[in-house]
Amino acid sequence: MSLRQLKEFCIPGDWAEVDAQLGRYGARAFVLAGGSFVHGLDARGLLHEVEALIDIRNLGLDYIRAESGGLRIGATTTFAHLQAAPTLGESPWLGALADALACPPRQIRNVATVGGSVAASCPYFDPPTALMALDARVAVVAGGARREFPLGELFAGTFENSLRRGEIIVELFLPRPTGRSASAFLKLEGNANDLAIVNCAASLEIDAQGRCSEARIALGGGVGDAIARATSAERLLQGRVADDEVLWSAAEAVGEDIDPHTDHRASAAYRLAVAKVLTRRALTCALARSARTPT
Amino acid sequence: MMQLVTLEVNGEQHEIAVEADGALLAVLRDGLGLIGTKRGCDTGGCGCCTVLVDGRAVYSCMMYTLSAQGRKITTIEGLAADGKLDPLQEAFVNTGAVQCGYCTCGFIMVAKQLLSETNNPDEDAIRHAIAGNLCRCTGYHKIVEAIRLAAKGG
Ligand SMILES: Cc1cc2nc3c(=O)[nH]c(=O)nc-3n(C[C@H](O)[C@H](O)[C@H](O)COP(=O)(O)OP(=O)(O)OC[C@H]3O[C@@H](n4cnc5c(N)ncnc54)[C@H](O)[C@@H]3O)c2cc1C
Ligand code: FES
Ligand code: FES
């Protein structure tokens with residue numbers, strides 16, 4: 001373990017305490033939620049400078065609120081808690097999130113938080129890809145001031161987020177699409193306990209004529225420095241009936257939107273081929289789910 | 001940096017000095033002598049350190065001890081506290097789901113959470129539940145069988 005400079009492990013119960021700790025330790029304070037990623041950093045010797053760990057799980061950020069405008073998820077809500085929310089099972093538009101949350105092993109789902117999963121800015125994680133396709137917005141707080149922005153702006157690079165010093169993610173908001181909509185997520189991994197070679201989430205809104213009025217596709221897992229939105233593929237779907245031909249051409253277009261690389265998990269060429277297949281299958285699954293959705 | 005904490009393990013309160021950056025696994029094994037919980041990879045990759053915290057399976061090698069304060073920790077030793085084996089333990093014995101045994105406690109603890117949520121899991125649900133646990137000996141088949149047997153009441 002590399003926390004040799006650690007002076008304090010605090011579990012603040014209110015924001016005044018958080019601000020006091022952040023004020024005292026500044027850049028040497030480190031936020032801890034489920035700890036499943038922090039432990040990895042610690043074990044790799046990356047936390048030498050940290051003097052205070054701030055466990056944020058007693059700040060009342062563990063909540064799920066289904067509202068008419070969408071879904072609000074508190075940052076310290078665990079994957080397991082979110083999976084158990086009735087709204088997740090009942091809402092085809094949230095299908096991608098339900099699919100992605102089921103990926104990590106149970107021992108991780110019981111501790112990993114939604115906020116930690118996006119703050120880590122790891123393009124190989126699964127829920128962030130689903131959240132990108134669901135057009136998530138992030139709310140952050142620092143010193144009592146709150147700001148909100150699209151999730152994509154959080155990802156500054158691999159393992160790098162755009163949070164300013166002292167900012168803590170408090171909530172994710174998923175706007176509820178209008179009309180008939182559904183989403184789906186798929187992952188290809190080497191084994192049941194591994195991160196994605198490629199993952200893909202697709203979210204569709206279908207109008208009364210059966211055309212895609214909105215399409216969002218996101219890909220992760222070694223296809224770029226951050227999770228990528230497949231905008232070329234999305235454009236091909238916009239305003240069209242997603243028949244076989246359209247689906248194949250949208251999947252093919254994904255090649256223009258991603259920049260796969262080679263690593264110990266897979267080659268770039270393999271990732272490209274898989275990204276196309278997963279895109280087509282995720283779209284097909286979202287489409288099938290939308291067909292079962294009441295308008 | 002050492003810090004004094006009170007931990008509730010298997011229904012007993014323990015006041016113990018722990019490293020502030022130490023993992024729960026180290027305290028359980030090295031501090032409290034509860035060596036049924038095993039140390040394998042120490043990085044969340046094998047599952048043999050699984051314990052229950054407030055009834056939920058976690059990797060004890062990845063949880064800071066201080067994050068476990070005020071929560072109910074259950075280790076394998078807590079399952080047979082009154083001297084009688086838990087139905088899951090009985091089923092593992094009766095099915096022959098144990099070879100070297102190093103992984104066994106982790107499987108039993110994760111299955112304990114599963115069976116607290118459902119008493120009739122199908123094979124898919126069982127396999128999904130144990131996906132975060134590795135066994136290098138048995139080939140999993142008998143482990144799945146043992147969990148199904150325990151679900152049926154042994
Ligand atoms: C064995 C194993 C298997 C895994 N398998 C998968 C998998 O299949 N799919 C998958 O998607 N993921 C997987 N993961 C990764 C897991 O999902 C992440 O580790 C987890 O989402 C991180 O969340 P956490 O709450 O544990 O964050 P922590 O580890 O507590 O924190 C993560 C990072 O975010 C920061 N942070 C946390 N919360 C906030 C906040 N509210 N505001 C600002 N900063 C914050 C922390 O400072 C830290 O840098 C796996 C991990 C392990 C160890
Ligand atoms: S020792 Fe904890 S998961 Fe391997
Ligand atoms: S019985 Fe030997 S590792 Fe499972």
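Not measured: the values here are computed from a predicted model. Protein chains get the first letters and strands the later ones, always in sequence-line order, with residue 1 at the start of each.
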Self-check item: Any side-chain heavy-atom pair of B/Leu52 and B/Gln113 under 4.5 Å
Solution: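 B/Leu52 reaches B/Gln113 side chain to side chain.
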
Exercise. May I ask you to test the B/Arg71-B/Glu8 pair for a side-chain heavy-atom distance under 4.5 Å?
Key: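 Of all side-chain heavy-atom pairs linking B/Glu8 with B/Arg71, none is under 4.5 Å.
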
Practice problem: Report the option among B/Ile130, B/Val110, B/Thr43, B/Asp54 that has the most heavy-atom pairs separated by less than 4.5 Å from atoms of chain A. | Solution: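 Max contact count across the listed options: B/Val110.
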
Self-check item: Residue part contacting chain B, namely of A/Ile11, when any heavy atom lies under 4.5 Å
Solution: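 Only the side chain of A/Ile11 comes within 4.5 Å of chain B.
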
Exercise. Assess the pair B/Tyr64 and A/His39: is the distance between their ring centroids shorter than 6.0 Å?
Key: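 Centroid separation for B/Tyr64 and A/His39: below 6.0 Å.
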
For [X], is it the side chain, the backbone, both, or neither that has a heavy atom closer than 4.5 Å to a heavy atom of chain A?
| X | value |
| --- | --- |
| B/Leu134 | neither |
| B/Ser67 | both |
| B/Met109 | neither |

Quiz item: Any Lys/Arg nitrogen of A/Lys187 or A/Asp126 sitting under 4.0 Å from an Asp/Glu carboxylate oxygen of the other?
Solution: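 So A/Lys187 pairs with A/Asp126 through a salt bridge.
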
Quiz item: Would A/Asp19 and A/Arg24 pass as an ion pair if we require N to O under 4.0 Å?
Solution: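 Salt bridge flag = no for A/Arg24 with A/Asp19.
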
Exercise. Would you mind telling me which of A/Val38, A/Asn193, A/Asn110 has the largest number of heavy-atom pairs within less than 4.5 Å of chain B?
Key: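 Winner by heavy-atom pair count: A/Asn110.
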
